[in-house]
2 protein chains.
Amino acid sequence: MRGEPGPKRPVTLDDVARYAGVSQPTASRVLNGSARKVAESYRQRVIEAARELGYTPNLPAQAMARGTSRTIALLVSLIADPYFSAMAAEIMKQAEAVGLHTSIAVTDRQADRELDLVRVLRGQQPRAIILAGSGYIDPPDEQALVDELHRYQDTGGRVVLVSRSDLPFETVDFDNHAGARQLARELARIGYRKCLVLGSGTPLLSMQQRVEGFLDGLIEEGVTDAADHVHHPEFSWKGAREFVLSLTDDQLRELHLVFAVTDDMALGALAGLRERGLRIPEDIGVAGFDDITTLRDVVPTLTTVHVDLHTLAKEAVHRAITPDRDLTRRPAPAYPVLRASTPPH
Amino acid sequence: MRGEPGPKRPVTLDDVARYAGVSQPTASRVLNGSARKVAESYRQRVIEAARELGYTPNLPAQAMARGTSRTIALLVSLIADPYFSAMAAEIMKQAEAVGLHTSIAVTDRQADRELDLVRVLRGQQPRAIILAGSGYIDPPDEQALVDELHRYQDTGGRVVLVSRSDLPFETVDFDNHAGARQLARELARIGYRKCLVLGSGTPLLSMQQRVEGFLDGLIEEGVTDAADHVHHPEFSWKGAREFVLSLTDDQLRELHLVFAVTDDMALGALAGLRERGLRIPEDIGVAGFDDITTLRDVVPTLTTVHVDLHTLAKEAVHRAITPDRDLTRRPAPAYPVLRASTPPH
DNA sequence: TTGTATGCGTTATCAC
DNA sequence: GTGATAACGCATACAA
């Protein structure tokens, strides 16, 4: 039989010290990395004792004693979304690389939840709070959120925004403009000139940059009426599909391509176009942005802009742990990847 | 200008109490849900003070004082995977519903990382540890992991396995056998009889159940040589694709269908089949398991077994917070969804 | 009902 | 180098 019925007390540093026959501070010094040195004989005894007893440091206690934890808090709008889950994975990996644990919370795009969560996360005493992705269902009480984050920052915490810049804090993002611009140029060069551009219904700077980058790219290639075909349906697969379905046959017929500011929307558009009887890519090309991995099985493979998540995550974590604010913006690379959905036109 | 240069001290309960002119325990009783009652006048003053000062409870301190936190720890093998991110999202949502915050860690399928992470998570003093998904790259030191989890359990923590049962702890899972069996029957009835079954190269009970369920279903429909076509390639998109590519033309030609134990593998197989020049579904049908949402854009839409994540997550969280072990297994529903990849044969 | 005193597990500041 | 001792912020048993 294992163990008594009632829950036992967890093994504490005190238990280890007693077992090893040293003082508790000494045990602390050997087990939880202090700068101070400890005699080798003691060191061995303590380590052995900890192993035998199955000691694990009580993190809340450490956090309280140290006044800071080895945790970073990550707030994402969605997690069951290939883009955000990839982002979260990469941020966690980078955090892990510098010895930080990650605590994730999900806002579900609800601004009030976001505020609540920031409050809770602040209570965790994390080293930093990273907010990734925005776009709300309900109108945000921005001032309250900013206040909350300022309080956190005032007590030594760091705030980093990823792929959003709607709040007055440090932000890291992809080079949305350049990526979209380059995509537009490459597409224009292979014959796509009449392009429908689908932006985001909710105003998001990153998405606006993608729209503008794409238009600039077209203009550089001599497309004069580029801006005539920009629309902002609801920011989702569904929104893009429905918008496409709302177009007339004549409008659809004259288009060479649909560019949407995310792969998700591009696929919504693609679904809508098919429902309208158009063949992709024979009748019309489709392009997106993000290069979501799980779309490798979509046929035709989707032309898109690949974003360097790794670099972005690294930069985000770097800023999260670097005390001095380095305000130089170094956007993470984003570059076009032409695939089967946009053969030469 | 906002704030002085140096980091300020966070607002504590003591600050609030002093500001409101009451004792610290009284403030505690008002703000952090005690059973005790507090005079309405005091209550108002405390709440107001907390609001004005921007007080947030220091969670580590609460955890230490209470001896337990309001956190549950979730350990998943991957997060940038549509299946696991959907699972994680659902578990977080259910945890949230009962007032628990979730801390996620990712093992990356490395057994040694899993052991380390369990140790760290244990240090967080979570209410429960949920382990979801298995399948290791390296051979696990199972005993060490079990010991670690037992220690945690002995101190009052709860351990719940989700969709895995390789360890001696409570487990919740889908009804893999029934789902696959039902799928096989429905497919057999519409003419699919020569079926290639792709199981998992790494031995996972859930996957084995899917294989067996599928075979049982075929047998019930009178397919006699069902078991002749079971193979276990590497447990991934890549593994499935490569296995299909390794078949001879003759072998491929006589097949009616490929069933893989996950959608991911099914799509790998589908990619491989196409590379071999087969049309889906005209030449051969394909079916998977999991019904991953992000595959809605795959053409043809994939026949699969839908799994009820919501129910599973609810059950997992329920077990994570319910002290008495209820050992009755109630697998979460899983039922076939026939789509375009398997028209009547 | 309210306040006082104590303890949670750890780190940090000091003497030794 | 090592060991007492005082924090850290909060909850609780107990006294008032």
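All chains are named by letter (A, B, ...) in the order of the sequence lines, taking the proteins before the strands, and each is independently numbered beginning at 1.
- Pairing analysis of DNA chain D (Watson-Crick: purine N1 to pyrimidine N3 plus N6-O4 or O6-N4; G-U wobble: N1-O2 and O6-N3; both under 3.5 Å) yields stems of 3 or more pairs at C:3-16 with D:1-14.
- Counting only N and O atoms by type, the side chains of B:E40 and B:Q44 include a donor and acceptor under 3.5 Å apart.
- For the OP1/OP2 pair of D:dT2 and a distance below 4.0 Å, the side-chain nitrogens and oxygens of A:T26 include no atom meeting the criterion.
- In this entry the distance linking CD of B:Q124 with C1' of C:dG9 reads 15 Å, nearest Å.
- Rounded to an integer number of Å, the gap from A:D15 CG to C:dC8 P is 11 Å.
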How would you summarise protein contacts on nucleotides 10-16 of chain C per nucleotide, using B for base, S for sugar-phosphate only and - for none, with heavy-atom distances below 4.0 Å? BBB-B--

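- A:D173 and A:S206 share a side-chain donor-acceptor pair at under 3.5 Å.
- Between the side chain of A:R127 and the backbone N or O of A:I72 there is no donor-acceptor pair closer than 3.5 Å.
- Side-chain contact, A:H318 with A:Q94: no donor N or O sits under 3.5 Å from an acceptor N or O.
- Side-chain contact annotation: B:T56 with A:R119, donor-acceptor N/O pair under 3.5 Å absent.
- With hydrogens and angles left out, the side-chain atoms of B:H101 and B:E96 include no donor and acceptor closer than 3.5 Å.
- Between B:R9 atom CZ and D:dG9 atom C1' there is a gap of 10 Å when expressed in whole angstrom units.
- Atom-to-atom, CD of B:E40 to C1' of C:dT2 comes out at 16 Å; the value is rounded to the nearest Å.
- Rounded to the nearest 0.5 Å, atoms OH (A:Y55) and CG (A:L31) are 6.0 Å apart.
- Side-chain atoms of B:N58 and B:Q62 include no donor-acceptor pair closer than 3.5 Å.
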